[in-house]
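Working notes for the structure below.
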Amino acid sequence: MSDEKKTVREEKLLRLKEDLNINPYPARCLESMSIDEIRDAGETEDNIVASGRLTGKREHGKTVFADLRDGTGSIQLYLGRKVLSDRDWSVLNLLDLGDIVQVKGSVFTTRTGELTVKCEGMELLSKSLKQLPVVKVDAEGVAHDEVTDRDFLYRHRCVDLQVNRDSLDRFVKRSRIISALRSYLDSIGFLEVETPVLQPLYGGAAAEPFETMYGSMNQQFYLRIATELYLKRLIAGGIDRVYELGKDFRNEGIDRTHSPEFTQLELYEAYADYSVMMNRFEDMFCAAAEVAGHGDSFVYQGENIDITPPFRRTGFLDSLRKASGEDLFSWEIEDLRRLIDKNGIITQADDRITMLDKLFDHYVARRIQQPTFVIDYPEELSPLAKRKEGASGVTERFEVFIAGLELANAFSEQNNPVLQRKILKEQADASMHRKGELDEDFLYALETGIPPTGGMGIGVDRLVMILTDTGKIRDTILFPHLRRNDQ
RNA sequence: GAGCCGCUAGCUCAGUUGGCAGAGCAUCUGACUUUUAAUCAGAGGGUCGGGGGUUCGAUUCCCCCGCGGCUCACCA
């Protein structure tokens, strides 16, 4: 061991152990009430037990006021020289902010109107050796010295959750939103399943995969970019309502709305189509909004969002035509390029359909504020969707946009195995990476026959962004990826 | 992957036109029996992200590197 100087807290730890014969990390403690329960119960002469982290300490000679916080809330402690035993008073003097303690006592209201535990006994449950940032909130509710260093907070989420109240609230809501999605699907007969994260072939979306060497198989595997092709195998297997809620991985850029590791909900429903998926989306979105504490509307990044169903519907080509004032779908590639340049859109797109998609993003998608189903996408953009009957070149597909964010993507699934094989073959031939490889197992499943099916993918992190008024996807993810910082 | 910005005490930040590095909160000592951003008096605390260069002297100027932030690109 080194002979480095002990920190103040390490000294206190030693004094607790040697001078006071206290175990600073006991294995057991008394059962205690949660702090919100204590608050609900109000004043009482009875002895209650409360446990939590010491987050504030105001010393007044023979009296100390402190703040105790657990996962449910915070309450003030009153610690008096005359009330506490000599031993507890000595322990108190060796406590630091951040220590975890248990107190026993009655509950009263101070003359300033603060509900307070009058402590008669106190036990140290765990000594904190790190001096954490102290965030104080004044009478107007303004937080002082709030920790803002993103790097620090992402690397030490435990600190973020302790000192930044907003952060904890956001992740609690995230959890509740996910529960609400599951409850909805479970309640109408959907079966939750788990499909492989490591896949010998990847598919179901157009994205760069993460690659990994599978040692005992002696083969290259990929982290999934979507669960689609496996869930449809289950539809073929007769699981008529199926969903998976889990991580997908796309080896692409990180920005405000993209995380390479993200959470997606994919659901498939046999004997349904994309219009049923619209209803499912509305139902789930409203259920999630409710558990996030919202009514018919809420504010996202300063904009009021009205979530009263039904949500607006607009055609992909119609909306593009209206917004641009031109029938872009019939334009030649040179003219599209000129329009893209004129609008200052920076893109490497060189084919007609990608250019149209870029123009759609520019003219329509990013300007959509209120919940909107953009329906009937061009078939070139939608290889896994069924073509719309009676309309040429479009598919039964929609995406949901709210506040300029793409939240969901759904379609009436292509269940014609002959057409599907043809489309995937053309796509594979055109791709540099896939080298013409088709997912034959998936096609086999289609060839055994699957019913008409509606399917949908929902970006869960983005849903949480919208419902918690969060501007960056990273802030909805507990442990976003960071480079190692070994210094 | 590109451009711009940042990195100073545990936290929030100031500052040095190149000359022993500052504040508030936190910490430590003392005072105080109902405070709540408690107050008052005093004290300690820094490899100024890392490495190199210029210079009598660099935390400050220059170069390289690391990490982060913002914008953009990639992302059916």
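The structure presented is a predicted model; accordingly, all values stated were derived computationally and were not measured. Residue numbers start from 1 in every chain, and the chains themselves are labelled A, B, ... in the order their sequence lines are given, proteins ahead of strands.
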Practice item. Classify the nucleic acid contact of Tyr154(A) as base, sugar-phosphate or nothing, counting any heavy atom under 4.0 Å across all strands shown. Key: sugar-phosphate
Of Arg58(A), Arg53(A), Lys57(A), Lys136(A), the one forming a salt bridge (Lys or Arg N to Asp or Glu O under 4.0 Å) with Asp67(A) is Arg58(A)
- Query: Looking at Lys472(A), does any N or O in its side chain come under 4.0 Å of the phosphate oxygens OP1/OP2 on C70(B)?
  - Reply: yes
- Task: For the pair Phe373(A) and Phe281(A), evaluate side-chain contact (heavy atoms from CB on, under 4.5 Å) and give the outcome as yes or no after the intermediate values.
- Result: CA-CA 10 Å; Phe373(A) 294 110; Phe281(A) 184 84; 4.1 Å; yes
Margin query: Any base atoms under 4.0 Å from Leu482(A), or only sugar-phosphate, or nothing? Heavy atoms, all strands.
Written below: sugar-phosphate
Give a yes/no on whether any side-chain N or O of Lys358(A) is located under 4.0 angstrom from OP1 or OP2 of C74(B). yes
Is the shortest side-chain N/O distance from Arg111(A) to OP1 or OP2 of U35(B) below 4.0 Å?
yes
Is the phosphate of A38(B), meaning OP1 or OP2, less than 4.0 Å from a side-chain N or O of Lys136(A)? yes
Using atom C1' in both nucleotides, what's the gap between C13(B) and U71(B) to the nearest angstrom? 25 Å
**Message:** Just N and O in the side chain of Arg58(A): are any of them under 4.0 Å from OP1 or OP2 of A38(B)?
**Reply:** yes
Scanning all shown strands, the Watson-Crick or wobble mate of C25(B) with both distances under 3.5 Å is G10(B)
key: Check: Tyr300(A) side chain, Thr470(A) main-chain N or O, donor-acceptor pair, under 3.5 Å   = yes
- Task: Flag the pair Arg280(A) and Glu269(A) as a salt bridge only when some basic side-chain nitrogen lies within less than 4.0 angstrom of an acidic carboxylate oxygen.
- Result: yes
- Task: Look at the side chain of Thr110(A) and the base of U35(B), then say whether one donor and one acceptor between them are separated by less than 3.5 Å.
- Result: yes
- A9(B) versus G22(B) - spacing of their P atoms, nearest Å: 14 Å
Reckon Arg483(A) has a side-chain N or O less than 4.0 Å from the OP1 or OP2 of G68(B)? yes
With the side chain defined as heavy atoms from C-beta on, Gln131(A) is closest, among U27(B), U33(B), C25(B), to U27(B)
Pairing partner of C56(B), by Watson-Crick or G-U wobble and under 3.5 Å for both distances, is G19(B)
Between CD of Glu379(A) and P of A76(B) the distance, given in whole Å, is 17 Å
Please state the C1' separation for the pair G45(B) and U8(B) - nearest whole angstrom. 14 Å
Q) Counting distance only, does the side-chain N/O of Thr44(A) pair as donor-acceptor with the main-chain N or O of Asp46(A) below 3.5 Å? A) yes
- Query: What integer number of Å spans the P atoms of G18(B) and C28(B)?
  - Reply: 39 Å
For C40(B), the nucleotide meeting Watson-Crick or G-U wobble distances (both under 3.5 Å) is G30(B)
Check your understanding: Does a side-chain N or O from Lys57(A) land closer than 4.0 Å to OP1 or OP2 of U27(B), or not?
Key -> no
When only distance counts, do a donor and an acceptor, one from the side chain of Glu59(A) and one from the base of A38(B), lie under 3.5 Å apart? no
Paired to C72(B) by Watson-Crick or G-U wobble criteria (both distances under 3.5 Å) is G1(B)
| Think Arg150(A) has a side-chain N or O under 4.0 angstrom from the OP1 or OP2 of G6(B)? | no
Counting just side-chain N and O atoms, does Thr7(A) come under 4.0 Å of either OP1 or OP2 of G45(B)? no
Verify the contact: side-chain N or O of Arg256(A) to OP1 or OP2 of G69(B), cut-off strictly under 4.0 Å; return yes or no. no
_With rounding to the closest Å, how many angstrom separate the P atoms on A26(B) and C11(B)?_
15 Å
By the Watson-Crick or G-U definition, both distances under 3.5 Å, C48(B) is matched with none
message: Could you check whether any side-chain N or O of Arg338(A) sits under 3.5 Å from a backbone N or O of Ile333(A), counting only pairs where one atom can act as donor and the other as acceptor?
response: no
